[in-house]
Amino acid sequence: MATTPQSIEQASFQNSFVDELRGEASMDKRPRQVPGYHYSRVEPTAVQAPRLLAWSEELADFLGLERPADQGPAVEVLAGNRLAPTMKPFAARYGGHQFGNWAGQLGDGRAISLGELTATNGTTWEIQLKGAGPTPYSRRADGRAVLRSSLREFLCSEAMHYLGVPTTRALSLVATGDEVIRDMFYNGNARPEPGAIVARVAPTFVRFGNFQIFLATGEMDNLRALADYVIRRHYPELGEPSPEVYVRWFEEICRRTAIMIAHWQSVGFVHGVMNTDNMSILGLTIDYGPYGWLEPYDPDWTPNTTDFGGRRYAFGQQPRVALWNLMQLGQAISPLVNDVKELNPALDVYINTLGNTRHEMMLRKLGLTSLNREEDEALIEALEQTLAESEVDMTLFFRHLSHTVPEVLKAPENGGAAWQELLAAASYSTAPAEEEALVQWLQRYFLRLQQEQASPEAIQQLMLQANPKYVLRNYLAQQAIEAAEAGDLSVLNRLMEVLKKPFDEQPEHDELAAKRPDWAREKPGCATLSCSS
Ligand code: AMP
Ligand code: MG
């Protein structure tokens, strides 16, 4: 294990995925079906003029990597122009259900994994370049990624980490110097855009779809080998793989997925494309595409224009969709267990873990400790309903509530005015009377708050740690993109720093915690995003 930070081109990589699973060795990049294999060996395709745009200092320290100069050998590695001698790059084969329909073989069409690094705490982390050029899984696409979507993935995955949400990480954002042609609005107006590559980091990028493809093609040996690889490396506490261990493993995946979804619902994150190929086997948020953050609290909201018809992946649907996806995974691994029925209790684990975790998280957001579960559930449900009928910004509502609660507890006679002020600060409605139902809910909540033993200050502390002030509002990401496309990285840099401490006041950055401005209401990139990336 390295004690002094190294440059990535000098770091020593392990290659467990390649060494332990079945791969196609030809290095052929032509698109094709790859039956019989877990992955294909393939090298990144070089880009014109790689330049470092952003670097995750803390993640790099953890991985024992030193910050590279803007150009040079390390950036060449992060752009796929150069390999460290110990790397054995590969693209993984997987399938998936897209919008509920089985889509067959998908696979890493533009992501190429370089190998694994050992972090300062001894754990191993896979480094993957997204946008590194064609692979056998690119189908008709180019294997590349544009700056706007890469910047969004880089910023958001790190922001989610600092919010405490299970997620893949991002080490670097590199401009390629090449142009990529994209039809952003799918309206026949394709245009060149700057290309970029994100180096993503996770213990593994294995998805539900990596298992599904083997059920679809009847490759039972490969199914078992992949399950055993994932269990031995990433779930070692479960013991040596066996039919009983596969059941417990599925249960653990269900539990972790529930915790991830509870986090999403708690901060107002909408993934946007919860296809089974975008579900991590470790319960991590993975594949940041047309995601978005709730501004007005609206369970029907999705940023993904492709999903405007069905709203399958809207905010309020995420808990149900994750369950559906887990059912598909259960089906895929069912040949490994004695009786498929043995997998059913795990789905209950998902439902119960999600229910309990969401309940606990919501109590914390409201500064409450558990008293009467049924009554508290009714209170929370009433809030969710009332918020959905209002035009109140989710993040602002809870953050302002954290400040208003101690005031009102200390001086209940000022309650009326304080609640009105809170709603004025958080609502997008121009007719404040529309939020009357919310005032009534706040009065009910106040009575419940008075049953708490803790001091107003202690309640506030609890709430401030559960209700972030700073989230990656859709329009903020767009501002960072527009600046970066014009060569100005200051917006990106500022957001990176502020989003590292989302629960801190950081008053000098108040404007990044403001209501969404009116101009951003319908603007593409702010309110609506396509899958074009
Ligand atoms: P997604 O659901 O957007 O994560 O991607 C679905 C599939 O499309 C995955 O197999 C991706 O690797 C592939 N894909 C998306 N964009 C590209 C691209 N520009 N080039 C090659 N493959 C791509
Ligand atoms: Mg994907």
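Whatever order the structure lists ligands and atoms in, that order sets their numbers, starting from 1. Note that the structure is a prediction, hence the values are computed from the model and not measured.
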Just how far is it from atom CE of M260 to atom CG of L354, taken to the nearest 0.5 Å? 10.0 Å
[X]/[Y] ion pair, N-O < 4.0 Å:
{"X": "R82", "Y": "E9", "value": "no"}
{"X": "R200", "Y": "E153", "value": "yes"}
{"X": "R22", "Y": "D221", "value": "no"}
{"X": "E252", "Y": "R255", "value": "yes"}
{"X": "E219", "Y": "R93", "value": "yes"}

Sort out for me which residue in K501, R494, K500 forms a salt bridge (Lys or Arg N to Asp or Glu O under 4.0 Å) with E497.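 Going through the options one by one, the only one that passes is K500.
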Atoms of ligand 1 less than 4.0 Å from [X] heavy atoms?
{"X": "R144", "result": "19 (N)"}
{"X": "D142", "result": "18 (C), 19 (N), 20 (N)"}
{"X": "R182", "result": "19 (N)"}
{"X": "D277", "result": "2 (O), 6 (C)"}

Give the residue and atom name of whichever protein heavy atom lies nearest to [atom], and the separation in Å to one decimal.
{"atom": "atom 21 (C) of ligand 1", "answer": "G109 O, 3.1 Å"}
{"atom": "atom 7 (C) of ligand 1", "answer": "R139 NH2, 3.0 Å"}
{"atom": "atom 2 (O) of ligand 1", "answer": "N278 ND2, 3.2 Å"}
{"atom": "atom 18 (C) of ligand 1", "answer": "A141 CB, 3.4 Å"}
{"atom": "atom 11 (C) of ligand 1", "answer": "G107 O, 3.9 Å"}
{"atom": "atom 16 (N) of ligand 1", "answer": "R110 NE, 3.3 Å"}
{"atom": "atom 20 (N) of ligand 1", "answer": "G143 N, 2.8 Å"}

Are F99 and Y313 near enough that their ring centres are under 6.0 Å apart? yes
Taking 4.0 Å as the limit for heavy-atom contacts, which would you say applies to [X] with ligand 1: side chain only, backbone only, both, or neither?
{"X": "L106", "value": "both"}
{"X": "Q105", "value": "neither"}
{"X": "Q98", "value": "side chain"}

We want to know whether [X] and [Y] form a side-chain donor-acceptor pair, criterion being a heavy-atom distance below 3.5 angstrom.
{"X": "E126", "Y": "S113", "result": "yes"}
{"X": "S16", "Y": "E116", "result": "yes"}
{"X": "S40", "Y": "R32", "result": "no"}

Measuring from non-hydrogen atoms of [X] to any atom of ligand 1, is the shortest distance under 4.0 Å?
{"X": "G289", "answer": "no"}
{"X": "C531", "answer": "no"}
{"X": "K130", "answer": "no"}

Is it the case that atom CZ in R139 sees more than 12 heavy atoms from other parts of the structure closer than 6.0 Å? yes
Cation-pi geometry met for R169 and W125 (6.0 Å, 45°): no
Using a 3.5 Å cut-off on N or O atoms only, is D287 in polar contact with ligand 1? yes
Would you name the heavy atoms of T395 and R473 that are closest together and state the gap between them?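 Of all heavy-atom pairs spanning T395 and R473, the closest is CB-NH2, 3.7 Å.
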Among T302, L472, L529, which residue satisfies the side chain to side chain contact (heavy atoms under 4.5 Å, CB included) criterion with Y291?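 By the side chain to side chain contact (heavy atoms under 4.5 Å, CB included) criterion, Y291 pairs with just one of T302, L472, L529: L472.
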Under 2.8 Å from the Mg ion (ligand 2), which protein N, O or S atoms are there? Could you list them by chain and number?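 Hits for the Mg ion (ligand 2) below 2.8 Å: N278 OD1, D287 OD2.
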